[in-house]
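The chain is numbered in sequence order, starting from 1. Atoms within a ligand are numbered from 1 in the order they appear, just like the ligands themselves.
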Amino acid sequence: MALEIRDDFPDDLHVVAVLKGAFIFLSDLIRHMPGQVSLDFMAVSSYAKGTTTSGEVRLQKDLDTTLDGRNVVIVEDIVDTGLTLTYLQEILRARNPRTLRTACLLSKPSRRKVNVKVEYIGFEIEDRFVVGYGLDYAEQYRNLPYISVVGG
Ligand code: IMP
């Protein structure tokens with residue numbers, strides 16, 4: 001995926017990672033990316049009830065730098081209902097990037113509520129709640145060096 005993104009944007013590339021879940025994926029992804037890449041971070045909380053998103057998304061930390069004229073790739077851990085990414089894409093598109101694309105490690109297509117465009121997807125998975133490799137359940141399990149299903 002890193003090489004695919006690099007091929008699509010051989011020159012200017014600005015990666016916006018979504019905290020906290022994407023931090024391990026981001027660090028592996030960019031270490032496989034040759035050439036120059038700049039980074040920024042934003043944090044959102046999607047109000048979860050248990051293991052399902054409520055659809056309410058709040059911006060917790062905004063970007064440090066402008067996106068004006070840049071080729072921007074959002075890096076996210078997982079796309080589930082698609083509500084979080086739809087919100088993020090909307091607010092980032094309003095900042096006039098030259099291009100805006102999205103990379104997700106995981107996707108649960110059967111859970112989608114909105115038709116959100118994700119150009120780079122690592123793996124499609126079933127409707128199971130997963131943790132580890134940055135992904136949490138109630139802020140736990142992010143440190144697991146593998147991805148595991150909660151509740152077997
Ligand atoms: P969406 O808005 O429903 O697409 O949800 C996206 C966010 O919900 C992700 O960024 C995760 O933080 C969280 N999420 C969705 N599914 C899972 C999961 O299986 N494990 C951990 N977090 C998840």
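Heavy-atom contacts of T84 reach the following atoms of ligand 1: 1 (P), 2 (O), 5 (O), 6 (C) (cutoff under 4.0 Å). Of all the atoms in ligand 1, the ones that sit under 4.0 Å from a non-hydrogen atom of T81 are 1 (P), 2 (O), 3 (O), 4 (O). If you number the atoms of ligand 1 from 1 as listed, the ones under 4.0 Å from a heavy atom of K108 come out as 16 (N), 17 (C), 18 (C), 19 (O). Annotation for ligand 1: atoms under 4.0 Å from non-hydrogen atoms of R128 are 19 (O).
For the atom pair NZ (K61) and CG (L63), the distance works out to 6.5 Å, reported to the nearest 0.5 Å. Atoms CG and CG, on L106 and D80 in that order, are 10.5 Å from each other to the nearest 0.5 Å.
The closest approach between K113 and ligand 1 stays at or above 4.0 Å for every heavy atom of the residue. At least one heavy atom of V130 sits closer than 4.0 Å to an atom of ligand 1. Within the structure, the closest approach of D136 to ligand 1 falls below 4.0 Å when heavy atoms are considered. The closest approach between a heavy atom of V131 and any atom of ligand 1 is not below 4.0 Å. Ligand 1 lies out of reach of R111, whose nearest heavy atom is not under 4.0 Å from it. Not a single heavy atom of G21 lies less than 4.0 angstrom from ligand 1.
Between R98 and D68 there is no salt bridge, since no side-chain N of the basic residue sits under 4.0 Å from a carboxylate O of the acidic one. Checked for salt-bridge contact, K20 and D136 miss the test: no charged N lies under 4.0 Å from a carboxylate O. Taking the charged nitrogens against the carboxylate oxygens, R142 and E139 do have a contact shorter than 4.0 Å, which makes a salt bridge.
In this structure, of S107, S45, G134, G82, the residue bringing a heavy atom nearest to atom 4 (O) of ligand 1 is G82. For the residues V44, V57, T86, I78, the heavy atom positioned nearest atom 13 (C) of ligand 1 is part of I78.
Residues M1 and L29 are in side-chain contact: their nearest non-hydrogen atoms beyond the backbone lie under 4.5 Å apart. Looking at I30 and L39, their side chains come closer than 4.5 Å, going by heavy atoms from C-beta outward.
Ring orientation note: the planes of F129 and Y137 are nearly perpendicular, at an angle over 60° on the 30°/60° scale.
With respect to T102, the side chain to side chain donor-acceptor pair (under 3.5 Å) criterion is satisfied by exactly one of K117, Q89, E76: Q89.
Contact annotation for E76 and ligand 1: only side-chain heavy atoms (C-beta onward) come within less than 4.0 Å of the ligand.
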